[in-house]
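Read the structure below first, then the notes.
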Amino acid sequence: MEHFKTIARFTYPSDYAVLKLVLQQNEIRHVFLNETVINVLPFHSNAFGGIRLQVHENDEQKAIKIMKDLDSTSDLKIV
């Protein structure tokens, strides 16, 4: 995953469900690492370092802005 940077970590997939949809709508190149294994073994999330959101370095600032906007203007909070 060359040129991708980790910009956030999450414990459970439900923590980022809305964010995932917004990233897709804005065509942000992204991947959630460890998503599948934590879906299967949710109580092992901390052992794997959580679910890491990685975005392409060219989309990094746009993705961070989207996260901040979601966190500050919505009742939905990114934890």
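Since the structure is predicted, the reported quantities are computational estimates derived from the model, not experimental observations.
- Heavy atoms of other residues, nucleotides or ligands lying less than 6.0 angstrom from CD of Q24 number more than 12.
- Between V22 and D69, the closest side-chain pair of non-hydrogen atoms is not below 4.5 Å.
- Judged as a side-chain hydrogen bond (donor to acceptor under 3.5 Å, both in side chains), and not counting sequence neighbours, T36 has no contacts.
- For the atom pair CD (E2) and NE2 (H56), the distance works out to 8.5 Å, reported to the nearest 0.5 Å.
- The backbone N or O of D59 sits nowhere less than 3.5 Å from a side-chain atom of R29 that would complete a donor-acceptor pair.
- Under a hydrophobic clustering in which Ile, Leu, Val, Met, Phe, Trp and Tyr are joined whenever their side-chain heavy atoms come within less than 4.5 Å, directly or via other members, Y16 and V40 fall into the same cluster.
- With hydrogens and angles ignored, the 3.5 Å screen pairs no side-chain donor or acceptor of D15 with any backbone N or O of F10.
- Interatomic distance, CE of M67 versus CD1 of I28, reported as 11.5 Å (0.5 Å rounding).
- Atom CZ of F4 and atom CG of L33 lie 9.5 Å apart (nearest 0.5 Å).
- Applying the side chain to side chain donor-acceptor pair (under 3.5 Å) rule to pairs touching residues 37-46 yields nothing, sequence neighbours excluded.
- Annotation for G49 and R9: closest pair O-NH1, 3.2 Å, computed over non-hydrogen atoms.
- Going from atom CG of N58 over to atom NZ of K5 covers 10.0 Å, rounded to the nearest 0.5 Å.
- Across all non-hydrogen atoms, the minimal contact from V55 to E60 is CG2-CA, 3.7 Å.
- Listed by first and then second residue, the salt bridge (charged side-chain N to carboxylate O under 4.0 Å, His left out) pairs that reach into residues 31-57 are K20-E35, sequence neighbours excluded.
- Across all non-hydrogen atoms, the minimal contact from Y12 to I51 is C-CD1, 4.0 Å.
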